[in-house]
Structure formats: C-alpha cells, structure tokens
There are 2 protein chains.
Amino acid sequence: MKLSSQAQAFVLHFGEMGSRWGFNRTVGQMFALLTIHSEPVNADQLAEALKISRGNVSMGLKELQAWRLIELHHQPGDRKDYFTAAGSIWDLARTVFEERRKRELDPTLTLLRQLLLTDPRDPQEAQAQERIQEVYSLLEMLDQFANTLSKLEHKDLIRLMKLGSGLNKLLDLKAGAKSKKTNS
Amino acid sequence: MKLSSQAQAFVLHFGEMGSRWGFNRTVGQMFALLTIHSEPVNADQLAEALKISRGNVSMGLKELQAWRLIELHHQPGDRKDYFTAAGSIWDLARTVFEERRKRELDPTLTLLRQLLLTDPRDPQEAQAQERIQEVYSLLEMLDQFANTLSKLEHKDLIRLMKLGSGLNKLLDLKAGAKSKKTNS
DNA sequence: TACAATTTTCAGAAATTTCTGAAAGTTAAG
DNA sequence: CTTAACTTTCAGAAATTTCTGAAAATTGTA
C-alpha cells in the first residue's frame with residue numbers, strides 16, 4: 001500500500017477537512033484512501049498506509065459503516081475483512097448529503113417541535129416562541145427540500161445542478177403558469 | 001437578561017449542535033441567544049446569560065462577525081457595543097449557507113485543481129488521478145449549484161423549496177423541451 | 001473441541017480545542 | 001493630556017476529543 005504523492009496529498013487534505021464534514025481526521029483519511037483506491041483494502045493496509053494504530057482503524061471503519069460509506073468484501077482464501085468505498089463518487093456524495101441532513105437537521109427539528117408545544121407564559125416568552133417558530137418553519141422546509149433532492153434520479157439531479165441561471169427562468173415560468181391559472 | 005426555560009433550551013441545543021455547524025459550543029449559544037432575542041445585547045449581558053467569561057464572549061463575537069452573522073449597534077449615551085443577529089432568520093440561514101460553502105468546498109477545490117495539474121507518472125497514479133478528477137468535477141458542480149441557489153431571490157427560493165415532487169415534473173418538462181428541440 | 005487468525009473494545013495517554021482572567025490595548029469624554 | 005469605560009488578547013488551565021496498544025471477544029478451520 002504505497003501512496004503516490006498525489007494520493008498522499010488527497011488523503012491528508014481530507015483528513016484536515018474531516019472535522020468540517022462531521023468526522024475526525026483519521027476517519028477522513030480512511031475515507032479518502034478508500035475513495036481513490038479502487039481495489040479492496042484491509043485494516044492492516046489502512047493502518048500501515050496512514051500510520052495509525054490497528055485499534056483506531058477498527059473504530060474508523062465502524063464509523064464509516066455507520067455513515068454507509070464503505071462496503072465489506074472478502075477475498076477467497078483470506079480471512080481478513082476487505083473494504084471499498086460504497087459505490088460511485090456520486091453515490092458517496094448523496095450518502096454524505098443524506099447523513100448530514102439527518103445528523104444536522106433532525107435533532108434540531110425534534111427539539112423545536114417540543115419547544116413549540118408548551119404555551120408561552122408571558123409576552124416576553126411569546127416573542128421568543130415566535131422566533132423559534134420561524135426557525136422551525138425554515139428548517140422544516142429545508143429538510144423537506146433536502147429530501148426532495150435526495151430522491152431525484154441521477155439524471156434529474158445533474159440537470160438541476162447544471163441549470164445555472166436557467167433555474168430562474170424555469171421558476172418564473174412555473175410562477176407564470178400558476179398565476180395564469182389563479183387569475184383565469 | 002433572564003432567559004425563559006424555552007429560550008434556555010433553545011440556546012443550549014444550539015450550543016450542542018454548534019460543532020456540527022462549524023463553530024464551538026459558546027459561539028453556537030451566543031448565536032442562538034442573539035437570534036431569539038430581538039433587542040440588542042451587549043457583551044456583559046451575554047457573559048452573564050451564558051455564564052461564560054468576558055474574554056470568551058469577545059472571541060465569540062469576533063467569530064460571529066467573521067461569519068457575518070451579527071451586527072454592531074450603539075445605544076445613545078452608552079459606550080458599550082451592542083449586537084443583534086444580522087437580519088431575518090432567512091438572511092441568517094442564507095449567510096450560514098454561503099459561509100459553509102466557502103469553508104467546506106473552496107479549500108478542497110483549490111487543492112484538487114493543483115493535484116490535477118501534475119501529470120501522472122505511472123498507471124497506478126493515472127488511476128488515482130481519474131478518481132480525483134471525478135471528485136473535482138462533482139464538487140465543482142456542487143459549488144456552482146450552491147452559488148446559483150445563493151443568488152436566487154427570496155420568493156424564487158421559497159418557490160423552489162416548496163416544489164416537492166413538482167420538481168421532478170418541472171425538470172422533465174425542461175428535458176422534454178430540450179429533446180424536442182434536439183430531435184427536430 | 002482446540003486453536004490460530006482476526007476484529008473489537010476500552011482504559012489511559014496524547015493531542016487538540018476551548019475557556020478563563022488578568023494584563024494590555026483602545027476609545028471617548030472631560 | 002488624563003482618566004475611566006470598555007474591548008481585545010493571549011498564556012496557561014480545563015475540558016474534550018482522538019489515539020494507542022494490550023486484553024477480550026469473535027470467527028473460521030481442523
């Protein structure tokens with residue numbers, strides 16, 4: 001498991017960005033390595049390539065499995081577990097997107113829903129609840145939208161992402177149609 | 001600066017989610033507090049309400065300013081600095097979105113661009129570069145799309161987010177039009 | 001069943017991040 | 001200027017997160 005300097009740089013960078021993406025340095029590195037390396041890799045190889053302990057690799061793999069980002073394989077005649085990234089680059093990106101939605105939005109939505117159940121006791125509290133309601137509505141809409149995006153077929157997603165300023169036109173078109181319908 | 005138990009819960013939760021959003025606990029709490037509290041608040045009030053040191057508040061405010069999430073105000077006859085959240089809930093969400101795009105995507109795009117400049121030395125390296133190219137293309141497209149979304153007017157953004165499964169239809173419509181044009 | 005290969009766990013160590021509070025810096029009023 | 005009010009800085013302390021490596025658990029083979 002020798003990494004080219006290119007691969008090395010890629011892996012180290014993903015390690016550094018890891019924390020902004022929701023996992024720690026070594027998990028980021030493991031993910032990067034499995035992403036550029038198309039052949040299945042076992043835990044010892046990961047530990048050696050990244051110069052980290054076997055225990056750390058084990059924990060990292062567990063986390064990547066929780067994220068649904070890796071797949072387990074077996075080589076005939078070898079008892080070791082081998083791993084690859086789970087699917088194409090696009091599959092991985094979609095999974096990261098979905099998991100982040102879950103982890104970054106859902107807990108907050110749950111809490112805010114609870115907070116909105118109890119009635120405000122005084123005007124001060126009523127005002128705060130109004131703000132909480134606004135935050136809730138926004139996050140709820142965002143969550144729904146993220147869900148909609150997640151469900152798009154690949155070709156539709158690409159189409160959407162490539163629209164650029166065409167998105168504006170498309171939305172205006174839609175708005176035009178609607179107001180026509182409403183007005184007639 | 002007494003916080004109702006509602007507000008308290010809201011603030012504490014944002015503190016806990018903070019790390020997933022890209023800032024630390026106290027910065028998350030400060031942001032939450034400024035978000036529900038419509039009146040301007042000064043540093044001492046923040047320190048007292050959140051039970052954190054004055055120095056910590058100062059650092060937190062600096063960071064929130066770097067995120068463009070707060071606004072400085074002055075009260076006549078008072079030399080203290082007062083702060084409010086920068087704009088409406090939607091303004092704040094858009095700013096967080098833009099800043100996160102910058103912080104989570106741009107550094108990676110820059111690095112990958114560099115990696116793709118040097119030619120691969122062997123087939124092994126060529127293969128890794130192919131993967132890097134795929135990652136780059138995806139992130140570049142994502143970055144552009146995020147940019148497009150950032151630039152949408154409020155009403156268009158809402159429209160888009162509310163489309164739900166209508167998004168599918170709209171995209172198919174667009175595809176239909178295009179293929180018609182292409183085929184004719 | 002016995003055993004060897006492999007993975008997982010987890011207590012403590014190491015590294016990193018966050019926080020405090022006192023000192024230094026800045027600003028405005030008199 | 002001088003002084004008082006306020007803000008920022010930053011070294012070290014505290015808290016948290018990550019990592020190691022040895023022991024325990026699991027798994028497959030003979």
Side-chain angles (χ1 to χ4, degrees), chain A residues 1 11-34 40-67 70-84 103-104, chain B residues 1 11-34 40-67 70-84 103-104:
Chain A
M1 281 282 348
V11 164
L12 290 179
H13 179 80
F14 267 61
E16 275 159 31
M17 295 301 283
S19 55
R20 299 193 180 172
W21 280 64
F23 25 70
N24 67 35
R25 180 152 31 100
T26 46
V27 171
Q29 292 180 351
M30 291 171 58
F31 179 51
L33 180 38
L34 292 172
V41 173
N42 68 40
D44 289 329
Q45 294 175 308
L46 282 170
E48 193 211 331
L50 304 177
K51 311 243 199 294
I52 59 179
S53 74
R54 188 58 187 69
N56 199 358
V57 170
S58 185
M59 293 187 295
L61 289 170
K62 197 173 155 194
E63 176 140 24
L64 286 172
Q65 282 178 311
W67 276 78
I70 58 175
E71 251 168 26
L72 177 58
H73 299 270
H74 285 107
Q75 312 266 309
D78 189 341
R79 282 171 61 183
K80 288 197 175 73
D81 291 346
Y82 284 77
F83 297 88
T84 59
R103 292 157 197 246
E104 298 182 12
Chain B
M1 279 282 350
V11 165
L12 290 179
H13 179 81
F14 268 60
E16 276 159 31
M17 296 300 283
S19 54
R20 299 193 180 175
W21 280 62
F23 25 70
N24 67 35
R25 180 152 30 100
T26 45
V27 171
Q29 292 179 352
M30 290 170 59
F31 178 50
L33 179 39
L34 292 172
V41 173
N42 68 40
D44 289 330
Q45 293 174 309
L46 283 170
E48 193 211 332
L50 304 177
K51 312 245 198 293
I52 59 180
S53 74
R54 187 58 186 69
N56 199 359
V57 170
S58 185
M59 292 187 295
L61 289 170
K62 196 175 155 193
E63 175 140 24
L64 285 172
Q65 281 178 311
W67 277 79
I70 58 176
E71 249 167 31
L72 176 59
H73 299 269
H74 285 108
Q75 313 267 308
D78 188 341
R79 282 172 59 184
K80 288 198 175 74
D81 290 346
Y82 283 77
F83 296 89
T84 58
R103 290 156 198 247
E104 298 182 12

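Each chain gets a letter, A, B and so on, in the order the sequences are listed, and its residues count up from 1.
Summary of the strand contacts: B:Phe83 and A:Phe23 both lie near DNA chain D, and taking for each the nucleotide with the nearest heavy atom, the more 5' one is attributed to B:Phe83. A residue-by-residue look at B:Lys51 and A:Gly55 shows that A:Gly55 has its nearest nucleotide of DNA chain C further toward the 5' end.
In this structure, B:Arg25 atom CZ and C:dT16 atom P are separated by 20 Å, rounded to whole Å. A:Leu50 places its CG atom 15 Å from the C1' atom of D:dT20, with the value rounded to the nearest Å. We find that CD of A:Gln75 is positioned 16 Å from P of D:dG28, with the value rounded to whole Å. Across the protein-nucleic acid pair, B:Met59 atom CE and C:dA22 atom P stand 15 Å apart, rounded to whole Å. Protein atom CD of A:Glu16 is 15 Å distant from nucleotide atom P of D:dT18, rounded to whole Å. Atom pair A:Asp78:CG and D:dG28:C1' shows a separation of 12 Å (rounding to whole Å applied). In this structure, CD of A:Glu63 is placed 19 Å from P of C:dT7, rounded to the nearest angstrom. C:dT7 atom P lies 15 Å from atom NE2 of A:His73, rounded to whole Å.
Judged by atom type and distance alone, A:Arg79 reaches the base of D:dT27 through a side-chain donor-acceptor pair under 3.5 Å. B:Arg54 contributes no side-chain N or O that forms a donor-acceptor pair with the base of D:dT7 under 3.5 Å.
Here A:Asp81 lies in heavy-atom contact (under 4.0 Å) with sugar-phosphate atoms only. Looking at heavy-atom distances under 4.0 Å, B:Ile52 makes contact with sugar-phosphate atoms alone, never a base.
For the side chain to side chain contact (heavy atoms under 4.5 Å, CB included) with B:Phe83, the qualifying choice from B:Leu61, B:Val41, B:Val57 is B:Leu61, the only one to do so.
In this structure, the nucleotide among D:dC6, C:dT8, D:dT9 sitting nearest to the side chain of B:Lys62 is D:dT9.
Relative ring orientation between A:Trp21 and A:Phe14 is described as tilted, the plane-to-plane angle lying within the 30° to 60° band.
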Exercise. Could you check A:Asn56 against A:Ser58 for side chain to side chain donor-acceptor pair (under 3.5 Å), going step by step and ending with a plain yes or no?
Key: CA-CA 5 Å; A:Asn56 199 358; A:Ser58 185; over 6 Å; no

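Residue A:Lys80 places no side-chain N or O under 4.0 Å from the OP1 or OP2 atom of D:dT27. For the OP1/OP2 pair of C:dC19 and a distance below 4.0 Å, the side-chain nitrogens and oxygens of B:Thr26 include at least one atom meeting the criterion. For A:Asn24 and D:dT17, the shortest distance from a side-chain N or O to OP1 or OP2 is not below 4.0 Å.
A:Arg20 places a side-chain N or O within donor-acceptor distance of the main-chain N or O of B:Arg103, the cut-off being under 3.5 Å. Of the possible polar contacts, one joining the A:Gln45 side chain to the A:Asn42 backbone as a donor-acceptor pair under 3.5 Å is found.
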